[in-house]
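Convention: sequence-line order gives letters A, B, ...; per-chain numbering from 1.
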Amino acid sequence: MTESKRLLLIDGNSVAFRAFFALYTALNSMTNADGLHTNAIFGFNRMLDIMLEDVKPTDALVAFDAGKVTFRTKKYADYKGGRSKTPPELSEQMPVIRQLLAARGIKSYELKNYEADDIIGTMAKQAETAGYETTIFTGDRDLTQLTSDKTSVAVSKKGVTEVETYTPEHVEEKLGVRPDQIIEIKGLQGDTSDNYPGVTGVGPKTAVSLIQKYGTIDGVYENMDKITAKKMKEHLIEDKDSAFQSRDLATIRRDAPIEIKLSDLTYKGDQQDELVKFYQEMNFQSYLNKMNTDAGDEDVLGLKPVEFTVLTADNLNELAQFKDHVSFYLEMPDANYHTSTFAGFVIGEGDKWFVSRDVELLKQAPVKDLLTSDKVQKDVFDLKRTYVGLNRLGIHLSNVDFDLLLASYLLDTNENSNDLGRLAFQHGYHQIQSDEEVYGKGAKRAIPDDDQLFFEHLTRKGITIESLKKSLFKQLDENEQTKLYRDLELPMAYVLAHMEIAGIMVDTDRLSAMQSEFTELLAQTQQTIFQEAGEEFNIGSPKQLQHILFEKLGLTPIKKTKTGYSTSVDVLEKLAAEAPIVENILKYRQISKIQSTYVEGLLKVVHSTDQKVHTRYLQTLTQTGRLSSVDPNLQNIPIRTEEGRRIRQAFIPSHKGWQIFSSDYSQIELRVLAHITHDKNLQEAFKEGDDIHASTARRIFHLGPDAEIDPNMRRQAKAVNFGIVYGISDFGLSQNIGITRKQARQFIDTYFEEYPGVKQYMTDIVASAKDKGYVETIAHRRRYLPDINARNFNQRSFAERTAMNTPIQGSAADIIKIAMIKMEDAIKDLQATMLLQVHDELIFEAPAEEIPTLEKLVPSVMDSAVKLEIPLKVESHYGNTWYEAK
DNA sequence: CTTTTCACG
DNA sequence: ACGTACGTGAAAAGC
């Protein structure tokens, strides 16, 4: 060998398929002048770039499937039967992908009666003989059977850029068998997506263990006398033909009658003229100028130049030109905008953009007037962040019309990002880079020193906000989400900003006292555990704990995790009777959790300036419309155990003589369920003011109206009610309350008989989700469920449960948000301040003399937030600390 | 950077 | 037969 040859073999259909779905959300925004969809072509090209860069091939081939009929379908008519057909939006792109390949100097090939796999298998074999290094690129894991010393298989995982590369060692590590044994596994377990059966009752686990033992399917049948499991043996005998046939179907051919030779595969590289023409036809601006041609005036990344003016004290007055409208972006490099430094800002409209690193300028009249004006509309990215940032500079942002981040979140909770550039890309706008690309990531992330670079990026942010406004508003309108945006989420951003800025006072002395107390307790418990274990070890390490419990002390493992035996609470509780050490470990875990996460964690984030914690509510994160809380998370402060609950003693009012006041919705999710299902029986219980879990117990256990409900029945009924809200499964319920799956099934069946409206709703909502692809809340909040029609049972089941749960959890989130907006207005003349929201609960601080007013006012605002078919119920508590407000 | 565990609704 | 409850965030360990 004089020079090394590197061959790149690409599975054209499977990669195109991956590219299409990776950019599925961009489907409608990516079309060329002729209306041709281009997302798969674009994605394919991106993936191609990555592979070419990675492999630097001397030779390359893209193999395509020749059509539906192959030698496999001739042998087995149902092969790949039942597959939903390729979407027309993808089919139309397939021939164009071949044009792309031609322009990029790569040969494509297909062969009648054979699949792309077989072409690749055959070519890879020839290449091996000829001493080539081969890389196969595909979206299909089945091709990993072709790995060898000379051949690796790169499988695209998710998105366009993520790839997992398989070598024989990696295959063995991941699957537990050698590459050549993959077909044996497939023969036994079959393949649902290719639609061949294998052996009944044999799934991946069984198949792998059989092949590990006997090497091949032939080996299995030669050793039938050693197989003791009766049912499995019967199935193996029964399905013997099927096993061999399935293996045959799974086997990629390495001797397909291909008419091309290795020497035909030379990678010629980009055909400049042809490729320019192609990119122009596809409207691929970014690629066009990556090629460094003069076909446009963009830079290497395909970005058109932008113009900006650096704002100074001398040209401030130019801002007076903006009379009706500006886009504004305030750059704060750290995620936490309560403490972040300020890096700069951009403000402007159309082709007039002003930028600066000096945020002090914002305090000057012309800029400040613009931002606070009720006449000039502002468009931003992340209103709450911008509001809090400006508030720190003494500027009260007002009259925001468009928030790109918020609007985008409402349109699709799945495809959302806090990165303006990345989010813009998802909406089909490419004239900006992501922050990650410009600023870097991880430890290297930094605002560039280069003014030109930084200011251009800022300017593009302003332009991006302006450019996407119209289209996103239009989409909100089409989704009937304008009201949700304008009357709910946009006002919500201000309310949350006010709450975050207010913060809640922390009694650090109290926390410090608890810290010493827990340190002592932990030390004691630790010593006891070491004695019981007979050695010292790190109790906080699951790995070391496993060793002590299951190896040294010989306790029985109950549950496995990916890496070993589980030591979680439910496991330890079952083991508690076997050894006293277990109880102590549970105690240690509980205290050390409270100590590290709450006592020490909270002390770390108290602002030294005001002795308060200022959380950030993430308004655009959850899939259901709930808020989440970070830095610190104030939505998971302990309450269920007394030791933990004491943390709440450290949350106190910020003024002397004030109280903490809290109101929570009682059973809001079940009430929402009663409302949206219209179930008569469930509604009746709420209208009568019954104890809902007792009422459910009465029904599912068929008890008379006067019968006593014992606590255990009520507990079980409560679990059933929870299960219903979560999208019930018999397994889940059985696990939760420790009954058999059969009993759980019985409970569920009875529940549905007693509450037929609920049953009907569950059926309908799943059907509707399958039909429309999304579910909605009462305020038209939307959640798309791409997996609702998945062939994979687990993915599909998960999506179905989500379809049942999201309208309930999400509508409850809508309700409390509406209440919060009304609340801010209702208490505006009081000194009382709203501080926290914990999903179904609002927490305030107020002077003691206002408590009687709040006791009437707050519940009335909350229970009248929306009109449902059943009443809402609110309970209130107050005290000197959050702990006492119970 | 991922995994495990555990805190909340 | 599959392998699960729904929605979150933080800490620590161990790669």
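Toward the 5′ end of DNA chain C lies the nearest nucleotide of A:Ile728, the other residue of the pair A:Ser629 and A:Ile728 mapping further downstream.
The base of C:dG7 lies outside donor-acceptor range of the side chain of A:Arg783, with no N or O pair under 3.5 Å.
Picking from C:dC2, C:dT8, B:dC6 the nucleotide with the shortest atom distance to the side chain of A:Thr622 gives C:dT8. Listed candidates were C:dC15, C:dA12, B:dA7. Nearest to the side chain of A:Ser596 is C:dA12. In the set B:dT5, B:dC8, C:dG14, B:dC8 carries the atom at the smallest distance from any side-chain atom of A:Pro638. The side chain of A:Asp631 approaches C:dA10 more closely than any other nucleotide in the set B:dA7, B:dT4, C:dA10.
Look at A:Lys543 and you'll find a side-chain N or O under 4.0 angstrom from OP1 or OP2 of C:dC15. Distances shorter than 4.0 Å separate none of the side-chain N or O atoms of A:Ser797 from OP1 or OP2 on C:dG3. Residue A:Asn538 places at least one side-chain N or O under 4.0 Å from the OP1 or OP2 atom of C:dA13. Residue A:Gln544 places at least one side-chain N or O closer than 4.0 Å to OP1 or OP2 of C:dG14. The shortest distance between the side-chain N/O atoms of A:Arg640 and the OP1/OP2 oxygens of B:dC8 is below 4.0 Å. The phosphate of C:dG9 (OP1 or OP2) has a side-chain N or O of A:Ser628 nearer than 4.0 angstrom. Note on A:Thr806: every side-chain N or O is 4.0 Å or more away from OP1 and OP2 of C:dG7. In terms of phosphate contacts, A:Thr624 brings no side-chain nitrogen or oxygen within less than 4.0 Å of OP1 or OP2 of C:dG7.
Spacing between B:dA7 and C:dG3 at atom C1', rounded to whole Å, works out to 25 Å. Atom name P, nucleotides B:dC6 and C:dA1: the rounded distance is 33 Å, in whole Å.
Salt-bridge annotation for A:Asp142 and A:Lys186: present, with a side-chain N of the basic residue lying under 4.0 Å from a carboxylate O of the acidic one. Ion pair A:Glu489/A:Arg781 flagged as a salt bridge, since at least one NZ, NE, NH1 or NH2 atom sits closer than 4.0 Å to an Asp/Glu carboxylate oxygen.
Atom CD1 in A:Ile558 sits roughly 13 Å away from atom P in B:dT5 (whole-Å rounding). In this structure, the CG atom of A:Asn636 is 8 Å from the P atom of B:dC8, given to the nearest Å. Atom CG in A:Leu634 sits roughly 13 Å away from atom C1' in C:dA10 (whole-Å rounding). Going from atom CZ of A:Arg791 over to atom C1' of C:dA1 covers 18 Å, rounded to whole Å. Between the CZ atom of A:Arg616 and the P atom of C:dA10 there is a distance of 9 Å, rounded to whole Å. The separation between A:Arg801 atom CZ and C:dG7 atom P is 9 Å, rounded to whole Å. Per the geometry, NZ belonging to A:Lys562 stands 16 Å off C1' belonging to C:dA13, to the nearest Å.
Taking each heavy atom of A:Leu673 and A:Thr677 in turn, the nearest pair found is O-OG1, 2.7 Å. A pairwise comparison of heavy atoms in A:Met514 and A:Ile647 identifies CE-N, 3.7 Å as the closest pair.
Side chains of A:Arg385 and A:Tyr337: a donor-acceptor N/O pair is absent below 3.5 angstrom, by distance only. A donor-acceptor contact closer than 3.5 angstrom is absent between the side chains of A:Glu500 and A:Thr615.
For A:Phe798 and C:dT4, the ring-to-base geometry does not satisfy the stacking test (centroid distance below 5.5 Å, interplanar angle below 30°).
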